[in-house]
Number of protein chains: 2
Amino acid sequence: MAEVAARAGVSTMTVSRALKSDGLVSQETRQRILDVVDELGYVLDLSAGALSSKRTGFVAALVPSINNSNFSDTVRGITESVEVHGLQVLLGYTDYDIEKEERLVRAMLSRRPDGMIVTGGRHTEKARRMLASAGIPVVETWDLPSEPIDNVVGFSNAEAARALVHRLYEKGYRRIAFVGGTTNRDTRGADRGCGYQRAVEELGLPAGRTISFGKPPISMEQGAQAIVHLVERWPDVDAAVCVSDLSAFGAIMECHRRGWAVPGRIAIAGFGDFEISHCSWPRITTVAVDCRAIGAEAGRVVLRAIESARGARSSGSERIVVPFQVIERDST
Amino acid sequence: MAEVAARAGVSTMTVSRALKSDGLVSQETRQRILDVVDELGYVLDLSAGALSSKRTGFVAALVPSINNSNFSDTVRGITESVEVHGLQVLLGYTDYDIEKEERLVRAMLSRRPDGMIVTGGRHTEKARRMLASAGIPVVETWDLPSEPIDNVVGFSNAEAARALVHRLYEKGYRRIAFVGGTTNRDTRGADRGCGYQRAVEELGLPAGRTISFGKPPISMEQGAQAIVHLVERWPDVDAAVCVSDLSAFGAIMECHRRGWAVPGRIAIAGFGDFEISHCSWPRITTVAVDCRAIGAEAGRVVLRAIESARGARSSGSERIVVPFQVIERDST
DNA sequence: CTGTTAGCGCGTTCAA
DNA sequence: TTGAACGCGCTAACAG
């Protein structure tokens, strides 16, 4: 920057101002500086700027997995909403593991992000403490924690699953099961299982028909295996709610292979409204959430908090509940 | 850090040393410092450390899309291989757009990453120049550019598609078509189209049977639409090579809906060995590449270059060709 | 509109 | 094994 300044015949401060859009610099001076910048191929060093200005321009975002279009849509939403304000997303994935999340929280915090977006309301005690005392706005997404750290943008996975079971009941299904992963890791999956449980209990249906299979992310393959176990264990089952569309798809394919009509022999529903749920045959009944909007809202909330608080968190935390929608298709 | 030092009765330099694993500090001093660190909830500021040490500990990685399990597997591979060396991945996605890639390259470079991994060999002239003159190791992946910027870890998409067409020929198919996106954006998709073209020409088959449909990422929906156009335009077609498994799946589902037997009426192959290709029915013939290994290798290469060169790029560039494999399944 | 001074929070380098 | 001085490259704050 000193070299640019020298060649343009100004001080480094003027170069610094010319390089920010809001810098108060005369048009001609700025143009002269930009020409030199271009000529020299100079690239501003933001890490030095961050040290000086105490703003890194980073928003850390933690999701369970990037190989899941629900979460990658949320990341897109976050990115789109913050990048227009000049912020850069620092992405991490936890593999559905809150221990790994804790390590990532620490790693992210040492980069001094201006704000942080995490998935879900369940964290290790240490992670909670670090987030709460980091002095930056925090947004928890994809969940509705009863004791939020700060801001929340999410929905109740339990309520969504419950609504789905009720819809199946209305369609006449009476022996409804749930297929999910081992529940101590994927808390959103576990919440859906709880919602299923509550629904069958309040409807007076046989309860506890839950197949847990493998650790998350539950795959198509696992859905296929689970549906077989399910039918073996409770042969009278007439409907299965799967923790995600991917496992639902795997289950449906396995049913085809075995000549079990879907939904004739057994109805199968998913969760997430992945592309496959409306492209496969039969099209899959599911619960849709606007994943991108979750991200966009989370980005907006964190931006607002960064702008208003600048460390003091004065503006009060937001709690935004996004809607979900049961979408009935051919598989039920 | 000053406060930690004061409380531990040492200088900040000793705290700094205690916080790196390789710092030469006595056991008791270190333990005393770590206790204070824990008590205070102190988190090291890496951005300040980066300024001082001239190493940010970032590896920038640019992929076309995170909502594609091929690329997110590559990102996993990169992350796993560099994080054990204490480096942090700074991820960006280009949406298959080299103009956006150029903007991202600039943005990443202003964070002063220690190395950079990009997808593909095609970039804007400016992006190439920035990457070449950044003074950091660069790895191009998922492609085999004829004029690489620096290091390469990839394979020939054209050769892979060509091999697939040859395999279809051996199975007896003679009127083979290609289904892809509009080709000026997804260069790997375009390369696959070129490989198809070369194969049908050298086999003396009717050539130029290419349906381009929509801009990438090509979706299941687009595959469904494309297959209809294809059959309308060339009713005698007996096989279709799709640019990815997702479009192949969409095409197969559409064939089912219309009562066109796959592979009886038309054989359909994909690319990428996505989970859906072996979970759907019929299982989809495809080309498999070890996406995670591409990422792991790219990470290894960039690490080696960071270690050996420290800016001088003295160690020579690597060019690693990863294998691909045609996997024949039920859809052909 | 522009320049000067000071310092962000660390690690490097040297000396003890 | 530890500490002191210094500076990384930039921007805040103030003065002009």
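Letters A, B, ... are given to chains in the order of the sequence lines, protein chains preceding strands, and every chain is numbered from 1. Source: prediction; values computed, not measured.
Qualifying salt bridge (Lys or Arg N to Asp or Glu O under 4.0 Å) partners for Glu83(A), counting only residues two or more places apart in sequence or in other chains: none. Remark: Glu39(B) engages Arg7(B) in a side-chain hydrogen bond (donor to acceptor under 3.5 Å, both in side chains) (not counting sequence neighbours). Partners of Phe58(A) according to the ring pair (Phe, Tyr, Trp, His ring centres under 6.0 Å) rule, which considers only residues two or more places apart in sequence or in another chain, are Phe58(B). Applying the salt bridge (Lys or Arg N to Asp or Glu O under 4.0 Å) criterion to Glu80(A), with sequence neighbours excluded, gives Arg292(A). Applying the ring pair (Phe, Tyr, Trp, His ring centres under 6.0 Å) rule to Tyr42(A) yields no partners; only residues at least two apart in sequence or on another chain are considered. Under the salt bridge (Lys or Arg N to Asp or Glu O under 4.0 Å) criterion, Arg76(B) pairs with Asp95(A), not counting sequence neighbours.
A straight line from CG of Leu24(A) to P of dC14(D) spans 16 Å, rounded to a whole angstrom. If you take CZ of Arg30(A) and C1' of dC1(C), they are 12 Å apart, rounded to a whole angstrom. Between the CD atom of Gln31(A) and the C1' atom of dC1(C) there is a distance of 17 Å, rounded to whole Å. Atom pair Arg55(B):CZ and dC10(C):P shows a separation of 19 Å (rounding to whole Å applied). Rounded to a whole Å, the CZ atom of Arg32(A) is 14 Å from the P atom of dC1(C).
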With 3.5 Å as the limit, what N/O pairs link the protein to nucleotides 3-5 of chain D?
unit_1: dG3(D); atom_1: OP2; unit_2: Ser11(B); atom_2: N; d: 2.9
unit_1: dG3(D); atom_1: OP2; unit_2: Ser11(B); atom_2: OG; d: 3.0
unit_1: dG3(D); atom_1: OP2; unit_2: Thr14(B); atom_2: OG1; d: 2.3
unit_1: dG3(D); atom_1: N7; unit_2: Arg17(B); atom_2: NH1; d: 3.3
unit_1: dG3(D); atom_1: O6; unit_2: Arg17(B); atom_2: NH2; d: 2.6

Could I get a table of every N or O pair under 3.5 Å where one atom is in the protein and the other is in nucleotides 6-9 of chain D?
unit_1: dG7(D); atom_1: N2; unit_2: Ser52(B); atom_2: OG; d: 3.2
unit_1: dC8(D); atom_1: O2; unit_2: Ser52(B); atom_2: N; d: 3.3
unit_1: dG9(D); atom_1: OP1; unit_2: Lys54(B); atom_2: NZ; d: 3.0
unit_1: dG9(D); atom_1: N2; unit_2: Ala48(A); atom_2: O; d: 3.2

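Sequence neighbours left out, not one pair with a member in residues 85-133 of chain A passes ring-ring contact (aromatic ring centres under 6.0 Å, His included).
Nearest approach of Val25(B) to Thr14(B), heavy atoms of both residues: CG1-CG2, 4.0 Å.
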